[in-house]
Structure formats: structure tokens, C-alpha cells
Amino acid sequence: MTPDANLAALRAELARTGLDGFVVPLTDEHMSEYVGAYAQRLGWLTGFGGSAGSAVVLADAAAIFTDGRYTLQVREQVSAADWQYVPVPQESIAGWLGAHVAAGDRIGYDPWLHTGGWVTDTAAALADRGAELVPVSANPIDAIWTDRPAPSPAPLTVHADPHAGRSSAAKRAEIADWLAQHDADAVVLTALDSIAWALNVRGGDVAHTPVALAYAIVGSDGTTDLFVAPGKVDDAVRQHLGNAVRLHPREAFAGALRGYAGKRVAADPERAVAAILDALQAGGARRLSLRDPVVLAKALKNPAEVAGHRAASIRDGAALTRFLRWVETTCPAGGETELSAAARLLAFREDTGCLLDTSFDTISATGAHGASPHYHVTEDSNAPILPGQLFLIDSGGQYADGTTDVTRVMPIGAPTAEMRDRFTRVLKGHIAIATAIFPDGTSGAQIDGFARRPLWEAGLDFAHGTGHGIGSYLSVHEGPQRIAAPNYPGGASLEPLRAGMMLSNEPGYYKAGEYGIRIENLLLTIPVAIPGGDPDRAMLGFETLTFAPIERTLIDAALLTGEERGWLDAYHADVLDRLGPVLDDDERAWLAAKCAPIG
């Protein structure tokens, strides 16, 4: 079926079930950012291939909601004849519904795909118009999606303690201590990466993110009930989990939530869907709205995780360097495409012998495609890499010891003066973040503007956050930390930055119809001692963890200050020092030329 046929089929199903509309988010039962194929309902309905968005379908109107990262992509993939494009956060689903429903309308939602807060806000907006928000017991899309993929059968695997840095028993004991502090009897873990981290297991149920579809309930003594498909657990995983982790089928989870009558049970209101909160309440539990205790613990990387990431970064940086050399020497002659380039980079990473997966779908974008920050190349969109273009490659690897994410831009032939100006301004913003020093407790929102100032000074900007957290052989996008201001997708990041947090540093610039620029490295937040500073004021800064050359032919050195030139030269010297020993003679000579002082 085509997207327009799918839309018609959904409207017919809604009419059959007595609904006047339905809300379709791009998420799963765990409020995941990236979801398995079985949960890609938004893509099936609309044709949209982005990683964030939602839709609303009414009998006579339909809207798709996306943020600034997908302004171009949604128009290329979703029919304007069928769908209204609505930007977020400028407009919300609740606000749009409030303006489009009529009194008496019944708008359906799947309580396994929305938070309780969303339900409350949306129900209130509909009530103001005399309409009703109605939970469905079965998702109507599932009733008409005849070839819907089954959930992945991939097995659980053990994430070894040397990579994890701490045993699962120690992590669960820490969760038990947290429960004691809050006088709670149990906590429900619903985020897939939280479960993977707490139990030191990994899975293969979501493309590029090594997690398994599961739920967990951790008790006050650290014992845990894990709800997962039995076929995913072999003897090695069973032995690893031990007797303190009780195994149950995943479908038993909803019923188990009703067994906590009179108990104080914590559930994260941002990560536990409405159906979970409703089940706890129906079972007589006293629900505590507290943030998942794993979220912050997972973000503060321990020494083993940091050491693992350093090793992964060298391995990954060498593969990327070989690829950048290939781009420079091969692509100007023609014959290469976005898909062939992505395949070549994958081959360089596979040559390491350590790659387990890519950390997301590689963004291989040439020319105008680079102006879509989250562009995803397909057979239909695949474009040739041609002279005069900028080629942007945003990619990463999943290794047992770390997760990488890096973006570089290469000119195919000689860049224009405008390209060099814009690239250099993005580089200046990148350096401003990399060299930032700030008091402990500063949020990412407070430093986001550092990356934008060189662009703002030219009347320019970019429509995405400057940085996201990253997991340790886990999700490439990990919270709670981010570098983002209020008026950009995702809103302000008010989480205090702490030593041990890893973040990306990725300012960019995008000229619609022509090119895109982004420079991305990963950073580790570290303590900084400042001679003569207030001894009672702890200060933090960043250590750059990613090593790959930044294309010098795109840099207008005249726009750089002396301090910026100093940072760039020191960074490139570090790149050469770290990667040189693992490259062959020709590769090393090429890298040495790329890493020469900027002058």
C-alpha cells in the first residue's frame, strides 16, 4: 500500500471504531527515540523517514509535526496534498487539535505510546472544545498494517564487567540505596538503555542501538523482575543475571504492575507511558513521580567506560581518516554516490575487526542534501557526488568499548569563498564550545550561544541543538545532558553539566538547496583547575575525545583569532600523534599534510 492508501485505510478504521481522529507518535512502548521496525507506524502511514515526529489524522484533515531538523525532509517525503506540515515547538499537537476538532469529537490515542503528562495536556485542550481524548485498547494502525514486521527475536548478550566498569549487582545495590532515600518499595524501569545499563546486558531489537525490548522492576533489596521474551535469554545470560534477577515473559508486565497495592512505586513521568501509570494506580500502588535513577548514573561515565571510549575513538578515527583520504582522491573524478560513499566508510570501519554496528544510519549527503541535518540516503534519493559540491558525512560506530559519532565535511574540488566563510564560522563556534570553562552546575542551555555567536554576527544560525549526550556501547543520543537553548528543537537543556558526562559538539550551517556544514567531535566534561581562582568554586571544561582532521581547504585562516589557530594546530598535532601509529606510510603522509599548522 502507498501512504495515501494507508491514510484512507486508517480513516476507514477510525470510522468503523467510532473515532473522529487519532494521534500517531514516532515512538514505542518505552518512549524510545529510535524504535524497532514493528513500531514505525508514523513512517508506514506518511512515508516520513526521520527519527522524530508525530501525526494527527482527522476525518477531513491531517497534520504531521516535525522540528527544524526535518523542515526540508518532511516536504520531500510526505505529500502536501494529504498532510499539513506543522513546525514544533512553535505549535503543539494539543494546540492544533484544539483549533481543528468539533464539539463531541472523540480523538483516539494509544496509552502505550504517550506519557501521562501528554494525555493530561491534550485532554484539557480537547475538553475546552467539548471534544474527548479516548484511549484505545488496540492501536488502529496495527489492525490495517497487514505486513507489519514482528518484534525482533535478537538474543540478549552479556556486556562484560571490564567494559561496563561496574557489576550489575553493584548498580542494582545503588538503585536500592536510591529507593531507600525516597522511602520507596520499587522502581519501574521502562527506558531500554536504562535496563541494559543496570543489568549489564545488550540486545539487538533496535537498529544501531544495542538494547532489548524489556521492562524491569527493581525492588528495595536490589532484586529485580525482568520482563523479556524467554527466547532471548540463554544460559550465559541467565548465569550472568543470577538468582537476584527473576525472569518473566514480557507480556506479563502489565499484569505485574497491578500487584503493588499499598506499595510506594517510583515511575519516571517522562519515560513511563500512560498505560503503565494507569496500571499502577488501578492496582492500588502509591505512585511516586521520580526520574529514573539510572538516567544520571549512566551519564556519569566511570574510568573503564572513559578508557573504552578512548580506545574506540582511535580505532574509529583511523577508519574515518582513511575514508576522508578516499573522498579527496577518488570522488572528484566522478562515479561515486552518497550510497557508495557510505558503503566505503562502513568497509573501513569493518576492517577494524571490532565494529558491531553503526551507531545510526550514516548521513551521507552531497550538495543540497547536506542542508537537511538528518538526511537519510535511500535508493530513490541517492545523488552523485559532483565537483563544486560540499560532501557532509555524519556517522558513528558501535564497539563493545564505546559508541562514536563524528561529522566532517569535504569539498569536492575547490570550495567557494562563501563556503569557506561559513565553514570557518562553524569552526569558530566549535572551538568556543571545546575551550569553554564554566562553573560546576552550568547547564548546556547556558553555553549553547557560544557556538552560535560567530554565525549570529553574520546574520546566520542553525536550527538544532549544539550537542547531545552519548552512551557507552548504548544509545548515540543519551540524556539527560544536552547543549541546547530554549528556542531550538527539544527546548532548553537545564540539566547541570557534571564531570564524567560525554557530549557532542556539533554546530552547523545549512543553505537550503545548496549545501550543509557541520563539524562534530565528542567531548568529556572534566574538572578544571584555574590558578588564582576561587578555591571554593569548582570549574569544569571539556576534553576532546574525537580524532580526525578538520578540512583545512575549507578554513579561512584570516577569520580565526590567534587563540583559535592555537587550538586548531594543537588539535591537529594530537590527531597526528594518536592516529599516525595505526596508519600505513601513505596514509600517515596524507594525514601529516592535513594536520600541518594552519599558519
Side-chain angles (χ1 to χ4, degrees), residues 25-43 49-53 69 113 149-160 163-164 189-216 226 228-229 232 237 250 268 270-271 273 292 294-295 297-299 301 305 308-309 312 316 342 346 349 354-363 374 376 394-406 467-482 490 502-504 520 522:
L26 202 175
T27 190
D28 60 12
E29 306 92 322
H30 308 272
M31 297 305 296
S32 305
E33 176 184 14
Y34 296 110
V35 302
Y38 80 98
Q40 292 280 356
R41 298 177 180 91
L42 183 69
S51 61
R69 297 170 295 175
L113 300 179
S152 160
L156 281 170
T157 58
V158 176
H159 187 55
H163 291 317
L189 300 183
T190 61
L192 299 181
D193 57 346
S194 289
I195 296 166
W197 184 90
L199 298 180
N200 283 352
V201 293
R202 298 295 188 264
D205 288 348
V206 177
H208 313 301
T209 306
V211 294
L213 294 173
Y215 297 98
L226 176 63
V228 65
K232 292 180 176 293
V237 172
R250 185 167 178 257
D268 189 328
E270 293 185 9
R271 295 167 178 83
V273 296
D292 173 350
V294 172
V295 168
K298 173 165 51 66
K301 302 299 185 282
E305 291 172 322
H309 188 92
D316 198 69
L346 176 61
R349 283 194 167 107
C354 298
L355 184 72
L356 299 174
D357 195 356
T358 53
S359 56
F360 55 99
D361 285 326
T362 296
I363 300 172
H374 278 205
H376 173 56
D394 184 348
S395 66
Q398 289 284 12
Y399 305 93
D401 48 1
T403 299
T404 66
D405 182 4
V406 52
H468 57 80
I470 192 162
S472 180
Y473 185 39
L474 269 177
S475 176
V476 73
H477 292 165
E478 178 181 274
Q481 74 278 16
R482 293 184 303 121
M502 289 184 184
L503 301 106
S504 68
E520 178 183 16
L522 298 183

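Please read all numbers here as calculations on a predicted model, not as lab measurements. Residues: numbered from 1 along the sequence shown.
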Exercise for review: For S475 and D193, run side-chain hydrogen bond (donor to acceptor under 3.5 Å, both in side chains): C-alpha distance rounded to whole Å, both residues' side-chain angles, the deciding distance at 0.1 Å, then the answer.
Suggested key: CA-CA 7 Å; S475 176; D193 57 346; 5.1 Å; no
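Looking at L474, V211, L156 one by one, the single match for side chain to side chain contact (heavy atoms under 4.5 Å, CB included) with R202 turns out to be L474. Applying side chain to side chain contact (heavy atoms under 4.5 Å, CB included) to V35 and the options D205, T209, L26, L42 leaves one that passes, L26.
Going from atom CG of L226 over to atom CZ of R250 covers 11.0 Å, rounded to the nearest 0.5 Å. Taken to the nearest 0.5 Å, the NE2 atom of H159 stands 10.5 Å off from the CH2 atom of W197. Distance OG/S472 to CD/E478: 8.5 Å, rounded to 0.5 Å. A distance of 5.0 Å separates CD1 of I363 from NE2 of H374, quoted to the nearest 0.5 Å. Atom CD of E305 is separated from atom CE of M502 by 7.5 Å, given to the nearest 0.5 angstrom. Y215 OH to T190 OG1: the interatomic distance, rounded to the nearest 0.5 Å, is 7.5 Å.
For the pair R349 and S395, the minimum side-chain heavy-atom distance is below 4.5 Å. A 4.5 Å side-chain heavy-atom check between N200 and V158 finds every atom pair outside the cut-off. Taking 4.5 Å as the limit, some side-chain heavy atom of D394 sits within range of a side-chain heavy atom of E520. By the 4.5 Å heavy-atom criterion applied to side chains, L113 and V273 are not counted as neighbours. When side chains are defined from C-beta on, D405 counts as touching I470, because their heavy atoms get closer than 4.5 Å. Residues H163 and Y399 have side chains not in contact (no heavy-atom distance under 4.5 Å, counting atoms from C-beta outward). Between T403 and Q398 there is a side-chain heavy-atom pair separated by less than 4.5 Å. Looking at I195 and V228, their side chains never come closer than 4.5 Å, going by heavy atoms from C-beta outward.
Scored by the ring-ring contact (aromatic ring centres under 6.0 Å, His included) test, Y34 finds H477 as partners (sequence neighbours excluded).
With T404 contributing its side chain and G397 its backbone, the two residues share a donor-acceptor pair below 3.5 Å. The main-chain N or O of S32 is found under 3.5 Å from a side-chain atom of T27 such that the two form a donor-acceptor pair. Without hydrogens or angle criteria, H309 side chain to G402 main chain gives no donor-acceptor distance under 3.5 Å.
Here the closest non-hydrogen pair linking L356 and A400 is CD1-N, 3.6 Å. Minimum interatomic distance between Q481 and A299 (heavy atoms only, all atoms of both residues): OE1-CB, 3.5 Å. The nearest pair of heavy atoms linking L189 to A198 is CD1-CB, 4.4 Å. Closest of all the heavy-atom pairs between P480 and V295 is CD-CG1, 3.5 Å. Counting all heavy atoms, side chain and backbone alike, P151 lies closest to L213 at CB-CD1, 3.9 Å. The two residues S152 and G204 have their closest heavy-atom pair at OG-O, 3.4 Å.
The environment of CD in Q40 is crowded: more than 12 heavy-atom neighbours from other residues, nucleotides or ligands sit within 6.0 Å.
Using a 3.5 Å distance cut-off with no hydrogens or angles, the side chains of S194 and R271 do not pair a donor with an acceptor.
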